[in-house]
Protein chains: 2
Amino acid sequence: TIFVEHGDKSLDRNGKVACIVQSGSVGVEALGYASNTGYGMRAFVGLGNKCDLDEIDFLYYFAQDRKTNCLGFYLENIEKGRQFLTAARKASKEKPVVVLKAGRTHTAVSAVSSHTGKLAGSDNVISGALKQFGIQRVYDDEEFCDATKALSMLSGAPGNRVAVLTAAGGYGVMCTDFIEKKDTRAPLVMAKLSKDTQNRIKEATFPFTACENPVDITASADDRMFSESLDALIEDAGVDIIICITFFAPPGITENLIDIVADKIKQSDKPVIVFTKYGPFTDNSIKNLFYAGVTAYPSVGRAVRAARFLVERTTIKKRFEQEV
Amino acid sequence: TIFVEHGDKSLDRNGKVACIVQSGSVGVEALGYASNTGYGMRAFVGLGNKCDLDEIDFLYYFAQDRKTNCLGFYLENIEKGRQFLTAARKASKEKPVVVLKAGRTHTAVSAVSSHTGKLAGSDNVISGALKQFGIQRVYDDEEFCDATKALSMLSGAPGNRVAVLTAAGGYGVMCTDFIEKKDTRAPLVMAKLSKDTQNRIKEATFPFTACENPVDITASADDRMFSESLDALIEDAGVDIIICITFFAPPGITENLIDIVADKIKQSDKPVIVFTKYGPFTDNSIKNLFYAGVTAYPSVGRAVRAARFLVERTTIKKRFEQEV
């Protein structure tokens, strides 16, 4: 068992995600993600062959650890299934618990050297059990990092109505497609903006701005227009989540937009997720956004998926509350 | 209409993909993709508002252009639907044609300022029409770049049986999960390796190598072991596609592996797709692989998806052949 408490400031700052992984390489990639684009890692534990400590020991530890606010597991076999699930359920009442359980299909299961066979049977059983115990399941290392990053930086979503703000029309349309796409994790809908919101945005921007959701303020927009439009969306009672498509290419948009968005996030209870991209500068923008406290992703699909993790988390928390 | 014939060697070399886009930003991101990780762009055309030339003009041009071997379109509306489809079908007999048609859902469709309404109705109709005319559809800019890159660098797949070679066990299992996952584009199956192949790999590597598919030669493997295992998989008659999980982290693996894999690809009719990742060095590895002629992606899901594009392309080509 490797146990690395994160001390390298060049990799991460004030990270709150504990990664407990049965495959060293998956953990190393989470570290790599951190150094590329910012991630928020608190600790990284490689379980190895679990000869001394196993996932449950670390689950107990990080569930208690005040510096951890999100737990992520990469597991190939869960030996003491019932004990893990019960402890994870307890932890999940306070902090999101994410599990990447590999070996979904028949061939994949045989590829995993499962020792005890507990929970190693049908993958549907595993999915059902994880869901029942309030654990969020992911399917690869990218999704693992994306989910724990979002859940560590943003605390759920009040609802599932998403507003999209963009300066690039095509990406607004693609984003809408992803939001309205059927997905078993958590359904999202496009928010219906109030007339007041639409008027505010039009006044703050251009007569030709498309003020229905997705809001397209066009590549002629500047920082102030972006900022005021974002305010209007955050203050619209019909909006639960905002996805900002933040491109730094338009001439009116500057790096100051990072701090503008970061300030709004601090003042708002609604989650704001950023999608940004700009060739070779993408990773650096995402890292700068991360250091300012903004959760950002380099693809439309990943940004929308992050919104689904938040809605899923809120659903889990609500279920726990109803049980009390 | 912008028309950029690609001349910047620092961005790309010998690119063969023509990108014809109705949204400038999508095209710019394809350029960014090229400069990040290598892509293979021949030309990039921004259609603007199509006041002089439209997608059909460029379809005719690049279908004839000898330096182009793959056409990619980002379109929000297709005004002359029948003409576009007929011309695209003709082009597709020779070269893969990929279309990113945004505006899938009701809200997204209203977000697109569709002028003529032709083909702008039901998204299922568009999907059906594209499929019927031998055009491959994608859903965001990442998939657009991934598909055109694979289809430009690799010419289809003889079948859908995939072998996975890995030095990181967990990623082999995840890759198997993605391969066996249901997908409407093209079903893939895990290849069943012959006893002879399994013995060859075991002899070339370790007694403890997992020689069933996915083949896990472990992090103790070196370049020679990787190379010989890859030979065995390529020569197995039961294998149509190979996905190599190529990590440069293990001590026995060097940068020479890039040329080793590139040489095999040149000598083989079977497509080889690489998944590689290593924190901040990922993009550079993918770019170096690209310059050596190897199609590589930074996530398991994207590598497996690339295999599906190839199988889909082969299905389209077979259908055209049967029609003659």
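Each chain gets a letter, A, B and so on, in the order the sequences are listed, and its residues count up from 1. Just so it is clear, the structure is predicted and the values come from calculations on it, not from any experiment.
Remark: B:Phe73 engages B:Phe84 in a ring-ring contact (aromatic ring centres under 6.0 Å, His included) (not counting sequence neighbours). Partners of B:Arg305 under the salt bridge (Lys or Arg N to Asp or Glu O under 4.0 Å) rule, at least two apart in sequence or in another chain, are B:Glu142, B:Asp146.
Judged by distance alone, the side chains of A:Tyr171 and B:Asp140 never bring a donor and an acceptor atom under 3.5 Å apart.
How far CE of B:Met174 is from OH of A:Tyr74: 4.5 Å, rounded to the nearest 0.5 Å. Here A:Ser299 contributes atom OG and B:Arg302 contributes atom CZ; the two are 8.0 Å apart, rounded to the nearest 0.5 Å.
Taking all atoms of both residues into account, the shortest heavy-atom contact from A:Tyr139 to B:Phe178 is O-CE1, 3.4 Å.
Other residues, nucleotides and ligands contribute over 12 non-hydrogen atoms within 6.0 Å of the CD atom of B:Gln198.
Looking at A:Asp216, neither its backbone nor its side chain comes within 4.5 Å of chain B, counting heavy atoms on both sides. Only the side chain of A:Leu100 comes within contact range of chain B, with at least one heavy atom under 4.5 Å from a heavy atom of that chain.
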